[in-house]
Amino acid sequence: MPELPEVEVVRRGLAEHVVGRRIAQVQILGSRVARRHVAGPADLVARTQHTDVVTARRRGKYLWLVLDQPGDARQALLLHLGMSGQLLVRPPDAPDERHLHARFAFADEGPELRFVDQRTFGGLALAEVDPQGLPEPIRHIAPDPFDPAYDPEQVVTRLRTKRTEVKRALLDQTLVSGIGNIYADEALWRAGIHGARPTDRLTRPAARRLLGHARAVMAEALEQGGTSFDALYVNVNGASGYFDRSLAAYGQEGRPCPRCGAPIRRESFMNRSSFSCPRCQPRPRAG
DNA sequence: CGTAGATCCTGTTAGC
DNA sequence: TGCTAACAGGATCTAC
């Protein structure tokens, strides 16, 4: 499940293999992958072909390629991997993947960029870029913890103002972006906080610690090339990450907590699985 | 407006 | 063995 570290690995792959090349031909397969592009897939194809890829950028779990089209406004090809999306750099004569949804061929006739996605939660769209360099459709996405615009003290304030549970707040991309179910559970475990704790019952220092852990665990994952679970996620080169061996809580039901030895519990929460230590992360009392 | 829950999707796995 | 149901979950939409 690509969260910030995995998406950043993909961004680096795009920077290495795609930036600086001219897109020649674009193919969109099926109606779903470009559903967020309201003008339709034909419009996306027409406006993407014969552009130069200038940079590969990221905010949270969103990626975008800045495209330079001579004499036209600067635009971005916005990408989201969803749960199972992959960007692959493949030779043009390689057989089509089972769940291939988009293909970008380049003027240099080198390797193609392919968007492959089994569960089709991912997608792409062409968007205008605002003066701050952000694609319009993701202006509501908050800076992630690695963004120079990230302001942890402001996030702490906003977090404590919310009237919800702390795990839900961590997953709220308009508060802080990039954190998904896996890293939320790891950050909560490190902080010794149960995800169902009301946000307004979190002290300022505790909130600060929690966000610091979220940033740290994602930084460590990034150093190791990202987390991979169901073999669907691979980076732009097709190599899986291996950080999953370092996870303390997520997916570890029944295994001993690395800190205290109590068996990690699994709970259903927000229609998701949540993993936590029953001793280090006591459930909040009702009321 | 803010929050909560439903929904999209398909390959894999668990269970009867 | 073969079928059905549960499961994985990010972001958006709708309801309250």
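Just so you know, these numbers use all the heavy atoms, side chains as well, and skip hydrogens, waters and symmetry mates. Convention: sequence-line order gives letters A, B, ...; per-chain numbering from 1.
Between Q86(A) and Q118(A), the closest side-chain pair of non-hydrogen atoms is not below 4.5 Å.
Among the heavy atoms of the strands lying under 4.0 Å from R98(A) are primed sugar atoms or P, OP1, OP2 only; no base atom is included.
Taking the side chain of N271(A) as heavy atoms from C-beta on, and the options dG10(C), dT3(B), dT7(B), the nearest nucleotide is dT7(B). Side-chain proximity of R32(A) to dC8(B), dA8(C), dG10(C): nearest is dC8(B).
Aromatic ring pairs are classed by plane angle as parallel below 30°, tilted from 30° to 60° and perpendicular above 60°; the pair H80(A) and Y62(A) is perpendicular.
Bending across the helix from dG2(B)-dC16(C) to dC16(B)-dG2(C), expressed as the angle between its end axes from five pairs apiece, amounts to 50° (10° rounding).
Between T164(A) and dA4(B) there is a side-chain polar atom (N or O) within less than 4.0 angstrom of OP1 or OP2. Remark: S84(A) is not in phosphate contact with dA8(C), judged by side-chain N or O atoms under 4.0 Å from OP1 or OP2. One finds no side-chain N or O of R168(A) lying less than 4.0 angstrom from the OP1 or OP2 phosphate oxygen of dT3(B). Between R163(A) and dA4(B) there is no side-chain polar atom (N or O) within less than 4.0 angstrom of OP1 or OP2. Close to dG11(B), at under 4.0 Å from its OP1 or OP2, lies a side-chain N or O of H99(A).
Looking at D185(A) and K167(A), a side-chain N of the basic residue comes within less than 4.0 Å of a carboxylate O on the acidic one, giving a salt bridge. Of the charged side-chain nitrogens involved, none lies within less than 4.0 Å of a carboxylate oxygen, so that E267(A) and R272(A) do not count as a salt-bridged pair.
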**OP:** Sugar-phosphate atoms are those with a prime plus P, OP1 and OP2; base atoms are the rest. Using that split, label each nucleotide of nucleotides 11-16 of chain C B, S or - for protein heavy atoms under 4.0 Å, 5' to 3'.
**Re:** BSS---
